[in-house]
Every structure is written in C-alpha cells, then in structure tokens.
Amino acid sequence: MPRFYGTQVDSCLMLGTAGYPSPAILAEAFRTSGAGIATVSLRREGGGGQAFRELIQGLDVHLLPNTAGCHTAREAITTAQMARELFGTSWIKLEVIGHADTLQPDPFALVEAATALCRDGFQVFPYCTEDLILCERLLEAGCEVLMPWGAPIGSGRGLNNPYGLATLRAHLPDVPMVIDAGIGLPSHAAQAMEMGFDAILTNTAVAQAGDPAAMAHALSLAIEAGRLARAADPMGPRDMASPSTPLIGKAFL
C-alpha cells in the first residue's frame, strides 16, 4: 500500500468528490471502492458547506484538499493556505492550470507555487505532466510525491503517453507517484499499476458513470489486479512466438 509523506494509506485508489448525482451516491461509491483518500476542491465547493464537510468527514478517509481552478501561483498559494486552515491538514494537491482547453498544468507557475508551499510547511502533491525535467524540479522544490496525468482531466482517454510515463517511473523509482487525470476505465487503472505506479486518482470516471458505485468497485478490483501483476514480475513482450509446450520429449510421428 502507498505511503505519502510518512503516512500509510490502506488503498491505492483515490477518489474525487465533485459531480456526483447525490451525496448518498458519493458515499456509496467510496464505500464500495474502499478508497483511502478523498480530494476536495476548496474553490469549487466554497469550503464545502457544513453539510458537505460532515459528509466527507463521515467517509473516514484521508482528506486531500486541492487548488483546482487556480491559474496562477499566487491563486494556488492563497487557496492552499485557506484549505489548511479550513480542513486542518498540511496535505495539498497543487493544481495550477496553464491551458483552458486541455487543462494542462503551467509548469513554471507550478514549480513556483510548489517551492513557496513546501517552504511554508505544506506536503505538496503536484498535478503535473510526465515531463522528467519538470518532475525533477518539483522534487528539488521539496515535493516528495508526484501526480503525473494520464490524459487531460475528464477526458477518459487513459494513458496517452505510456512511453513517457514508463520512462518517468524508471528514472525515479523510489518516488511515490499517482496517476492523476484521464482514467476512464478499469483497464486504464490496471495498466498504470502494472507499470509500477503507486496509486490512481480519478473523479469523472466514477461520478459520471451510469452506476458510480459499481464503477468505483470495478476500479478498485482493477487496481488490485494491476498491483499484484506488477509484484509478480510479469514476462516482457517478445518479437517472436514461443511455444508454451516444450519440444523436449515430443513424439515425432
């Protein structure tokens, strides 16, 4: 199970809390999935309201506030400070959006905000791309976790750049990494876990499914399958066929 900033989490699945048809369905999705972390946007929820905060607290999971909707380092820093005061945690998922259509993070503002927040005692989970140089700069800024995207937020396209993600994982083998954004199907989540990522964060794939609770459960099963497959040290792909039945001892007629 993943460990973030010294905290052990009992599940490799992290779920967002936005866009569900009802609070009851949100709670059921968390129950069926066994997710260990809930993300919540301070800007979108306006602090969540008392009823929303009580609902989230009742999920009995770790809370990861995020700076969704921020487009500058200053916005993100201010939002993070408000979140720490409101939710009583130094964990913050740092989003600094640089492109309105793709919701791609602004790498320069992201590093700027991460540097300031780490100096201020935050434990930062930066939403980033799979760019190796950017990720190294975030680690130098003080981040101990990386959250590279699989694909644009809400797109459900899975892992758009498997080579880039695999390269990032290989270059930084000891850094906890969470695939954040783009997961649309359980197979996408299993693929990421098979590549060696530590956890998956998704929101839209569950909240917008016809049956959110069933999708959440399916994702949890796929993540566990991918994690176990990675631990089993799977065979690599081959260029040619290789018979599964040995030729030694074969009767030639």
Side-chain angles (χ1 to χ4, degrees), residues 1-2 4 9-41 44-45 52 55-56 59 61-69 93 95 97 101-105 125-130 145-162 164-165 169 177-230:
M1 293 296 108
F4 303 123
V9 180
D10 294 332
S11 172
C12 297
L13 177 60
M14 305 161 66
L15 284 182
T17 55
Y20 289 81
S22 72
I25 291 175
L26 184 157
E28 181 66 7
F30 270 85
R31 188 191 67 78
T32 60
S33 71
I37 293 177
T39 64
V40 58
S41 169
R44 288 208 183 102
E45 301 295 345
F52 182 78
L55 170 64
I56 297 302
L59 298 175
V61 297
H62 296 279
L63 186 62
L64 179 61
N66 70 41
T67 63
K93 180 192 169 191
E95 294 185 27
I97 301 302
D101 291 333
T102 65
L103 301 180
Q104 181 167 327
F125 295 66
Y127 161 64
C128 57
T129 65
E130 71 277 16
V145 177
L146 296 172
M147 302 185 76
W149 68 350
I153 295 172
S155 68
R157 297 182 61 85
L159 307 184
N160 270 358
N161 184 8
L165 289 168
R169 179 72 282 181
M177 291 190 198
V178 181
I179 292 294
D180 176 17
I183 298 297
L185 294 169
S187 56
H188 300 157
Q191 181 186 10
M193 297 301 293
E194 289 167 5
M195 292 170 66
F197 288 91
D198 299 278
I200 303 296
L201 170 57
T202 187
N203 188 163
T204 309
V206 174
Q208 295 188 9
D211 186 337
M215 179 58 75
H217 186 208
L219 282 163
S220 69
L221 295 175
I223 287 170
E224 181 64 8
R227 187 184 71 82
L228 291 173
R230 174 72 176 188

Separation of D10 CG from I37 CD1 (nearest 0.5 Å) = 10.0 Å
For the student: nearest non-hydrogen atoms of P21 and P212, plus distance = CD-CG, 4.3 Å
Sorted by chain and number, sequence neighbours left out, salt bridge (charged side-chain N to carboxylate O under 4.0 Å, His left out) with R31 holds for E28
Provide the closest heavy-atom pair for T204 versus G154 in the form atom of the first, atom of the second, distance.
-> OG1-CA, 3.7 Å
Of all residues at least two apart in sequence or in a different chain, which pass the ring-ring contact (aromatic ring centres under 6.0 Å, His included) check with F125?
-> F4, Y5, W91
Roughly how far, to the nearest 0.5 Å, is the OG atom of S41 from the CG atom of L64?
-> 11.0 Å
Does any N or O in the side chain of T39 come within less than 3.5 Å of the main-chain N or O of P65, such that one atom is a donor and the other an acceptor?
-> no
Audit row: I179, M195, side chain to side chain contact (heavy atoms under 4.5 Å, CB included) steps and yes/no = CA-CA 11 Å; I179 292 294; M195 292 170 66; over 6 Å; no
Is the backbone of H217 close enough, under 3.5 Å, to the side chain of S33 for a donor and an acceptor to pair up by distance?
-> no
If you measure from CE on M215 to OG1 on T202, what distance do you get to the nearest 0.5 Å?
-> 9.0 Å
Do V9 and P2 touch side chain to side chain, with heavy atoms closer than 4.5 Å?
-> yes
With side chains defined as the heavy atoms from C-beta onward, is the minimum distance between Y20 and V206 less than 4.5 Å?
-> yes
Heavy-atom nearest pair, S11 first then G34, reads CB-O, 3.1 Å
Return the minimal non-hydrogen interatomic distance between P186 and A222, and the atom names on each side.
-> O-CB, 3.2 Å
Taking it one step at a time, do R227 and M1 satisfy side chain to side chain contact (heavy atoms under 4.5 Å, CB included)?
-> CA-CA 9 Å; R227 187 184 71 82; M1 293 296 108; 3.5 Å; yes
Reported SG-to-CG distance for the pair C12 and L219, which is rounded to 0.5 angstrom | 12.5 Å
What distance separates I56 CD1 from L63 CG, expressed to the nearest 0.5 Å?
-> 7.0 Å
Give every residue pair that meets the salt bridge (Lys or Arg N to Asp or Glu O under 4.0 Å) criterion with at least one member in residues 177-203, sequence neighbours excluded.
-> K93-D180, R169-D198
Output, in order, the C-alpha distance, side-chain angles, deciding distance and verdict of side chain to side chain contact (heavy atoms under 4.5 Å, CB included) for F30 and L15.
-> CA-CA 8 Å; F30 270 85; L15 284 182; 3.5 Å; yes
How far apart are the closest heavy atoms of V178 and P148, and which atoms are they?
-> O-CD, 3.2 Å
Value rounded to 0.5 Å, distance of CG in L159 from OG in S187 | 9.0 Å
Correct closest heavy-atom pair for G16 and L201 would be N-CD1, 4.0 Å
Apply the test side chain to side chain contact (heavy atoms under 4.5 Å, CB included) to residues I200 and M14: give CA-CA distance (whole Å), side-chain angles for both, the deciding distance (0.1 Å), then the verdict.
-> CA-CA 6 Å; I200 303 296; M14 305 161 66; over 6 Å; no
